[in-house]
Amino acid sequence: AGVLAASRDAGVTHLDTARAYGISEDRLGAALARGLSEHVRVVTKVAPLDVLSQDSDPTFGDALVEASVQRSLRGLGCASVDALLVHRAADWAKPGVRDALVDLRDAGVARLVGASLSTPDELIAMLADPDCGYVQLPFNLLDRRWLDDVVQQALADRPDVIVTARSAYLQGLLVAGSSATWPANAPEDPS
């Protein structure tokens, strides 16, 4: 609660969490219950839908999304969130998932729906869907893919979509100094 209060005082307006982040929703919910809820908006993500294949029963995705969202709302101690995302862009297209998210948005459970992305191709595909209102993408000084003209045009064509950046410090590697252990397949020279 103290960290969240300091964040609020510093101008933080949104909190990002997810079902996949352990007990973070429960912890945030307990802190928000102490009077911080009117100062911040919450963005959360549906649990990753690894068990769902494209050949699944079309109602199966709906049930998984609903169960995940209800668990999130209980943990957060709220009836709605500012944005509800799929944890992986591929989950958006799985049977029943997109429709379940749109139904939850239309019911007032989330103001916006969208996806957490990994690649520019995922971004372009999500921006082509008029129901997508929020995307989250990894962006840092070493990752220039998001500055490609095609990506920038797709973003310019959808000014209604909220875009947030995550991993600005490349999972901490950009601020770790010489003690950082870079992955062997890193495309950039860390120095």
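Just so we're clear, the structure is a prediction, and the values are computed from it rather than from any experiment. Residue numbers start at 1 and run along the sequence shown.
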> When clusters are formed from ILVMFWY side-chain contacts under 4.5 Å, directly or step by step, what else is grouped with Tyr21?
none
> For a quick test of reading the model, state the closest non-hydrogen atom pair linking Gly108 to Ser80 and the distance between them.
O-CB, 3.3 Å
> Kindly indicate, with the supporting measurements, whether the criterion side-chain contact (heavy atoms from CB on, under 4.5 Å) is fulfilled by Asp91 and Val65.
CA-CA 10 Å; Asp91 288 348; Val65 168; over 6 Å; no
> Within this structure, what is the CG-CD distance for the pair Leu117 and Gln136, rounded to the nearest 0.5 Å?
8.0 Å
> Over all heavy atoms of both residues, which pair between Leu76 and Val81 is shortest? Give the atoms and the distance, please.
CD1-CG1, 3.9 Å
> Within the side chain of Arg88, is there an N or O that forms a donor-acceptor pair under 3.5 Å with the backbone of Pro48?
no
> Side chain to side chain donor-acceptor pair (under 3.5 Å) with Thr44: which residues, sequence neighbours excluded?
Glu25
> According to salt bridge (Lys or Arg N to Asp or Glu O under 4.0 Å), does anything in residues 116-127 pair up with another residue at least two apart or in another chain? List the pairs.
none
> Using every non-hydrogen atom in the two residues, find where Ala165 and Phe139 come nearest and quote the distance to one decimal.
CB-CB, 4.0 Å
> If a pair satisfies salt bridge (Lys or Arg N to Asp or Glu O under 4.0 Å) and one of its residues is in residues 95-104, list it, with sequence neighbours excluded.
Arg98-Asp129, Arg98-Asp131
> What pairs with Arg111 under side chain to side chain donor-acceptor pair (under 3.5 Å), at least two apart in sequence or on another chain?
Asp82
> At what distance, to the nearest 0.5 angstrom, does CZ of Arg19 lie from CG of Leu49?
12.5 Å
> Identify the two heavy atoms, one from Ser167 and one from Pro138, that lie closest to each other, and give their separation to 0.1 Å.
CB-CB, 4.4 Å
> List in chain and number order the residues that pass side-chain contact (heavy atoms from CB on, under 4.5 Å) with Ile124, two or more places apart in sequence or in another chain; answer none if no residue qualifies.
Val150, Val151, Ala154
> Any side-chain heavy atom of Val97 sitting closer than 4.5 Å to one from Val46?
no
> In the hydrophobic cluster built from side-chain contacts under 4.5 Å, what are the other members alongside Tyr134?
Val43, Leu85, Leu112, Ile162
> Quick one: does Leu104's side chain get under 4.5 Å of Leu84's, heavy atoms only?
yes
> Which pair of heavy atoms, one from Gln152 and one from Trp146, lies closest together, and at what distance?
NE2-O, 2.7 Å
> Working to the nearest 0.5 Å, report the span between OG1 of Thr119 and CG of Leu137.
10.0 Å
> Not counting sequence neighbours, which residues clear side-chain contact (heavy atoms from CB on, under 4.5 Å) with Ala128? List them please.
none
> Do any pairs count as a salt bridge (Lys or Arg N to Asp or Glu O under 4.0 Å) and have a residue in residues 145-158, sequence neighbours left out, and if so which ones?
Asp143-Arg145, Arg158-Asp160
> Between the side chain of Ser7 and the main-chain N/O of Val3, is any donor-acceptor distance below 3.5 Å?
yes
> Minimum heavy-atom separation for Ala79 and Leu73, please, with both atom names.
O-CD1, 3.8 Å
> Can you name the salt bridge (Lys or Arg N to Asp or Glu O under 4.0 Å) partners of Arg74, sequence neighbours left out?
none
> Applying salt bridge (Lys or Arg N to Asp or Glu O under 4.0 Å), can you list everything that pairs with Arg71, at least two apart in sequence or on another chain?
Asp26
> Is there a donor-acceptor contact under 3.5 Å from the side chain of Lys45 to the main chain of Thr17?
yes
> Shared ILVMFWY cluster between Leu147 and Leu123, side chains joined below 4.5 angstrom?
yes
